Amino acid sequence: MPPGALGAAGYNRCLDDTALKMQEKYQPSQIEPQLQRRWEAQQAYAAREDDPRPKYYCLSMFPYPSGKLHMGHVRNYTIGDVLARYHRMKGCNVLQPMGWDAFGLPAENAALANNVPPAEWTYKNIDHMRTQLKALGLAIDWRREIATCKPEYYRWEQWLFTRLFKKGLIYKKTATVNWDPVDATVLANEQVIDGRGWRSGAPVEKRDIPMYFFRITRYADELLQELDNLPGWPEQVRTMQKNWIGKSYGVRFAFKVAAKGDTSPPSPLAGEGGGEGELLWVYTTRADTLMGVTFVAVAAEHPLAAYAARHNPELAAFIEECKQGGVAEAEIAALEKKGMDTGLKVVHPLTGEAIPVWVGNYVLMGYGEGAVMAVPAHDERDFHFAKTYGLPIKQVISEKGERGREKGFSADAWEEWYAGKTGYCVHSGKYDGLGYGAAVDAIAADLKALGFGDKQVQFRLRDWGISRQRYWGCPIPIIHCASCGDVPVPEDHLPVVLPENVTITGRGSPLAKMPEFYQCNCPQCGRPARRETDTMDTFVESSWYYARYACPDAASMLDERARHWLPVDQYVGGIEHAILHLLYARFFHKLMRDEGLVPGNEPFTHLLTQGMVVAPTFYREGANGKKQWINPAEVDVKTDERGRPLGATLLADGRPVTLGATEKMSKSKNNGVDPQTLIDTYGADTARLFMMFAAPPDQQLEWSDAGVEGAHRFLKRLWKAVYDHVSQGPVAAYAGGELSGPLRELRRQIHQTLAKVDDDLGRRKQFNTAIAAVMELMNAIAKCDETGATARGVAQEALEKIVLMLAPIVPHISEALWTELKPGAALPEEPWPMADAAALVQEEIELVLQVNGKLRGQFRVPSAADKAAIEAAALVSEAAQKALGGAAPKKVIVVPGRLVNIVA
RNA sequence: GCCGGGAUGGCGGAAUCGGUAGACGCAGCGGACUCAAAAUCCGCCGCCCUUAAAAGCGUGGGGGUUCGAGUCCCCCUCCCGGCACCA
């Protein structure tokens, strides 16, 4: 039932009047649970499709149920809730749902540590965290709660999978994973520590295994193009996605692997098996430097490397060495660049020159062709590689520098301009003098004429491998049949239910050890077959949950309610999801659109990426040099008389501890502050206010106990101000009539604050400055000592507006105070207050006088004064006279409404 | 390594379109109230010189554009996020 349907009288009838009767003291522990119970009983935040008001779908990234809420959650969900409540007051039909990203690795880790089945652990965590979330007073429609580990949810993911599989949007190929040879298990990147398995300690190896892939590259162009149609997204996120997709225009061509003494050009009919006479394909965006190629580098896994190593034990050993270590790109990119000559040569396609082929540990098989042409003179990485191994460096690009003189090239040291595209070809025969574009065109044309190369558009984005050799995930709905191949599970056999009673050993894949799970019959031929035992990447669940909230009980994947609510108007979540999650969700939206399930091309109209919550760290070093991290709650920090930290001691023993860096709150650094303690001590409103006040939402937020007390102090002051005001008897808010100067000024500030807060919450989404403006207004009220009925009327107006402006941020205290200020009225029905333009008018304004850009004084002018009048007023001002000393100014710059700058 | 951010008093931050740097809060200092403490209220609070006023300096470092730069441009340092199996 929408709050409006009850009416103010009906809403207030649910009030326990005695318990909410105004106390002199602010007691959040009394107010908050009572209001939360009332909201729940009234279904005050249930969202309905038949509501005629414009819809506003406000979504915060759903949490992984790790055990208990952390500060990052409190921040994320408060931001979302402020926006949801603000838009509700603005007259929108708001949907704000909540659910659980319930599949994932930590449940299996917990199972290993505590011997609890992942399902049980997860459900227990969900129950606890739901209670915690409710204590925050979020305006959530809890009827729509979903958990991705429930078959009712993931069955539709399996259903979509089978549809996409039949469409050819899912395919199988091998991919490289981290392999722990001792635990016989595939490891996640975070489980590889310094090249070793986190539990076994064994050196990790790269291993190729078959996997299912989503053809996200088929949508690469659209995913890129549509970024320009997302003005509600932060520029930095769009830039990151653009670079991630990485559309490039280049040339794909082949070298022929030379048989001894053979310098003839390759034949287009040659094979690509990796032997002599066959083709070695590469892709380059710098075809203009083709004449400067001095070697070719292939990945250790490239067939040509294996071919060259057949009778070369040293090379074989090097290739083995390259297979050591994990697959994480960050790790590989940070490795020392190593390589070895294969002894093989390829033929330069244009010059016929023999070019050596090297194996390089920095060339990755999964990227492009797994082979690159190397131009040391014009690529920094190739340059350093060539220097290390004494390979030739051949300049083929030059550039004009100062006064049109040619820049000097030296193979001794790398310079930035070597890699530039603004020069022209040199030492390149017929291509000499051509610029970047013309040279690429000419060389591409020549390669094409030879029949083994052409221009090609390429993306950095790779297809999305979704197979995981894990238990706690959505089973991939495929049956492997010896005669029919990979057969998708038919619709009427879905869902493929994940068994919940399992024992996790940390060795191998649990489902692959459960015949009762994998033994089945082929849906096509009926013969015994084997069910796929891999589960899906958990990013798959989080790629479409936003749509399921619209219709959590639908008897299909989505129904018409998804068309009503989508797209999400406002999405709120951590910046760490800027690329992967947000790109996958955009991709899924397009997949679902093409299935006719969702409207529009993009899932999220506006995006707010919030910063992390950080806190100081404290530690002691053990005898073995290992740091023992101490929680900030167990530490007493001593400061000097200016508040600078002098040192810290452990409360338990009074002995010193070391103050470490301020870092993201984490288990590993033991610097997390439990939000539960905060809520228990000060109430949810204080927690919310502090989170919104301490930093702008997109910046990192530093935890501060003192800051929390400051936020609590403000709420106590607000409470007392209303109490004192109400105690003097009821009064109507000022509605017109003569005002004294100070009261007119106070009223002007009330309405100036209304305009500011509306802009901050609506357009800027910057809550700290909105709160600061309200605090300033509170200070102004306290300073105003006008008395009488009119003054009380203005005070009533001020307090009413303050309570309404704060309602989205601190909903409990606001609702309690509203009942006192306007007996019989219900806050959830109040519209957002708008500034009265008439109250903002000023007769005179103060401008700044600068001399040579430096502040030298102030002067007053009528607010209607034009430029000439302002200049005249400035020149006769005391400060101007003093600065000029009778001389005429050289120049006068007038910025109306701001300042006058006199150039003397 | 590559891509994207960030750096402003003792601290968190403000300055929204190139126009008064430090709003608001915290900490600190001084005072009021109190038998006392806590709470609360009032005042001060960038650095430097100073009795004071005034001047000077000041937004990570170096250079530039401009009447005027925290904001724009170039170079550098450090910190943070992401890098495809943490979520």
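What you see below is based on every heavy atom in this structure, not just the backbone, and it leaves out hydrogens, waters and symmetry mates. Source: prediction; values computed, not measured. All chains are named by letter (A, B, ...) in the order of the sequence lines, taking the proteins before the strands, and each is independently numbered beginning at 1.
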Chemist: Are any of A:R713's side-chain N or O atoms less than 4.0 Å away from OP1 or OP2 of B:A27?
Modeler: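 So the side chain of A:R713 is within the cut-off, an N or O lying under 4.0 Å from OP1 or OP2 of B:A27.
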Chemist: If the sugar-phosphate is the primed atoms plus P, OP1 and OP2 and the base is the rest, what is the B/S/- string for nucleotides 56-67 of chain B, using protein heavy atoms under 4.0 Å?
Modeler: SS---------B
Chemist: Taking the same atom, P, in B:G70 and in B:U34, what whole-Å distance lies between them?
Modeler: 49 Å
Chemist: For B:U71 and B:U59, measure between their P atoms and round to the nearest Å.
Modeler: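 It works out to 9 Å between them.
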Chemist: Identify whether any heavy atom of A:A334 sits under 4.0 Å from a base atom; if not, whether one sits that close to sugar-phosphate; answer base, sugar-phosphate or nothing.
Modeler: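 A:A334: no heavy atom of the nucleic acid under 4.0 Å.
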Chemist: Mind checking if A:W244 touches a base, just sugar-phosphate, or nothing, with heavy atoms under 4.0 Å?
Modeler: base
Chemist: Taking the side chain from A:Q191 and the backbone from A:A188, do they hold a donor-acceptor pair closer than 3.5 Å?
Modeler: yes
Chemist: Using a cut-off of 4.0 Å on non-hydrogen atoms, how would the nucleic acid contact of A:R462 be classed: base, sugar-phosphate, or nothing?
Modeler: base
Chemist: Considering only the P atoms, how many Å lie between B:G25 and B:C35, rounded to the nearest integer?
Modeler: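 My reading of the P atoms in B:G25 and B:C35 gives 30 Å.
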Chemist: Applying a 4.0 Å non-hydrogen cut-off, can you work out what A:V186 is touching in the nucleic acid: base, sugar-phosphate, or nothing?
Modeler: base
Chemist: Mind checking if A:L105 touches a base, just sugar-phosphate, or nothing, with heavy atoms under 4.0 Å?
Modeler: sugar-phosphate
Chemist: Within the 4.0 Å heavy-atom criterion, would you say A:P63 contacts the bases, only the backbone, or no part of the nucleic acid?
Modeler: nothing
Chemist: Side chains of A:D463 and A:T217 only: does a donor on one sit below 3.5 Å from an acceptor on the other?
Modeler: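 There is such a pair (donor and acceptor under 3.5 Å, judged by atom type) between the side chains of A:D463 and A:T217.
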Chemist: Using atom types as modelled, flag every donor-acceptor pair under 3.5 Å from a side chain in residues 537-544 of chain A to any protein atom, sequence neighbours excluded.
Modeler:
unit_1: A:D537; atom_1: OD1; unit_2: A:F539; atom_2: N; d: 3.1
unit_1: A:D537; atom_1: OD2; unit_2: A:W464; atom_2: NE1; d: 2.9
unit_1: A:D537; atom_1: OD2; unit_2: A:R468; atom_2: NH2; d: 3.1
unit_1: A:S542; atom_1: OG; unit_2: A:F539; atom_2: O; d: 3.2
unit_1: A:S543; atom_1: OG; unit_2: A:F539; atom_2: O; d: 2.6
unit_1: A:W544; atom_1: NE1; unit_2: A:Y153; atom_2: OH; d: 3.3
unit_1: A:W544; atom_1: NE1; unit_2: A:E157; atom_2: OE1; d: 3.0

Chemist: At under 4.0 Å between heavy atoms, what does A:S542 touch on the DNA or RNA strands: base, sugar-phosphate, or nothing?
Modeler: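 Touches nothing.
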Chemist: For A:M240 and B:G5, what is the distance between atoms CE and C1' respectively, to the nearest whole Å?
Modeler: 7 Å
Chemist: Using the test ring pair (Phe, Tyr, Trp, His ring centres under 6.0 Å), find all partners of A:F714 that sit at least two apart in sequence or belong to another chain.
Modeler: none
Chemist: Using atom P of each nucleotide, how far apart are B:A38 and B:G58 to the nearest Å?
Modeler: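 To the nearest whole Å, 42 Å.
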Chemist: Distance between the C1' atoms of B:A87 and B:U20, in whole angstroms?
Modeler: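 Nearest-Å result for B:A87 against B:U20 at atom C1': 47 Å.
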Chemist: Can a side chain N or O of A:T538 be found less than 4.0 Å away from OP1 or OP2 on B:A87?
Modeler: yes
Chemist: Roughly how far apart, to the nearest Å, are B:C17 and B:A69 at atom C1'?
Modeler: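 That atom pair is separated by 14 Å.
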Chemist: So what does A:S467 touch, heavy atoms closer than 4.0 Å: a base, only the sugar-phosphate, or nothing?
Modeler: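 It contacts base atoms.
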Chemist: Mind checking the P distance from B:C24 to B:G56? Whole angstroms is fine.
Modeler: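 Result for the P pair: 26 Å, nearest Å.
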Chemist: Quick one: the dot-bracket string of RNA chain B, using Watson-Crick and G-U wobble pairs with both distances under 3.5 Å, [ ] for crossing pairs and | for bases paired to another strand.
Modeler: (((((((..(((......[....))).(((((.......))))).((........))..(((((..]....))))))))))))....
Chemist: Have a look at A:F693 and say if it touches a base, only the backbone sugar-phosphate, or nothing, with a 4.0 Å heavy-atom cut-off.
Modeler: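 The answer is base, as A:F693 lies within the cut-off (heavy atoms under 4.0 Å) of a base atom.
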Chemist: So does A:A419 get a backbone contact from the side chain of A:R286, meaning a donor-acceptor N/O pair under 3.5 Å?
Modeler: yes
Chemist: When you measure from every atom of RNA chain B, which of residues 759-768 of chain A have a heavy atom less than 4.0 Å away?
Modeler: A:D759, A:R763, A:R764, A:Q766, A:N768
Chemist: How would you label the contact of A:K242 with the nucleic acid (heavy atoms, under 4.0 Å): base, sugar-phosphate, or nothing?
Modeler: nothing
Chemist: Go through the steps for A:F214 and A:F588 under the test ring pair (Phe, Tyr, Trp, His ring centres under 6.0 Å), then give the verdict.
Modeler: CA-CA 10 Å; A:F214 283 153; A:F588 248 67; 5.8 Å; yes
Chemist: How far does the C1' atom of B:A54 sit from the matching atom of B:U16, given to the nearest Å?
Modeler: 34 Å
Chemist: Is it the case that the side chain of A:K247 and the backbone of A:N243 share a donor-acceptor pair, with hydrogens and angles ignored and the cut-off at 3.5 Å?
Modeler: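 No.
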Chemist: What's A:M536 touching, base or sugar-phosphate or nothing? Going by heavy atoms closer than 4.0 Å.
Modeler: nothing
Chemist: What contact category does A:M61 fall into here, base, sugar-phosphate, or nothing, at under 4.0 angstrom with non-hydrogen atoms?
Modeler: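 The residue A:M61 makes no contact with any strand.
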Chemist: Give every residue pair that meets the side-chain hydrogen bond (donor to acceptor under 3.5 Å, both in side chains) criterion with at least one member in residues 64-73 of chain A, sequence neighbours excluded.
Modeler: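 For residues 64-73 of chain A, and leaving out neighbouring residues, the side-chain hydrogen bond (donor to acceptor under 3.5 Å, both in side chains) pairs sorted by first residue read A:H70-A:H73.
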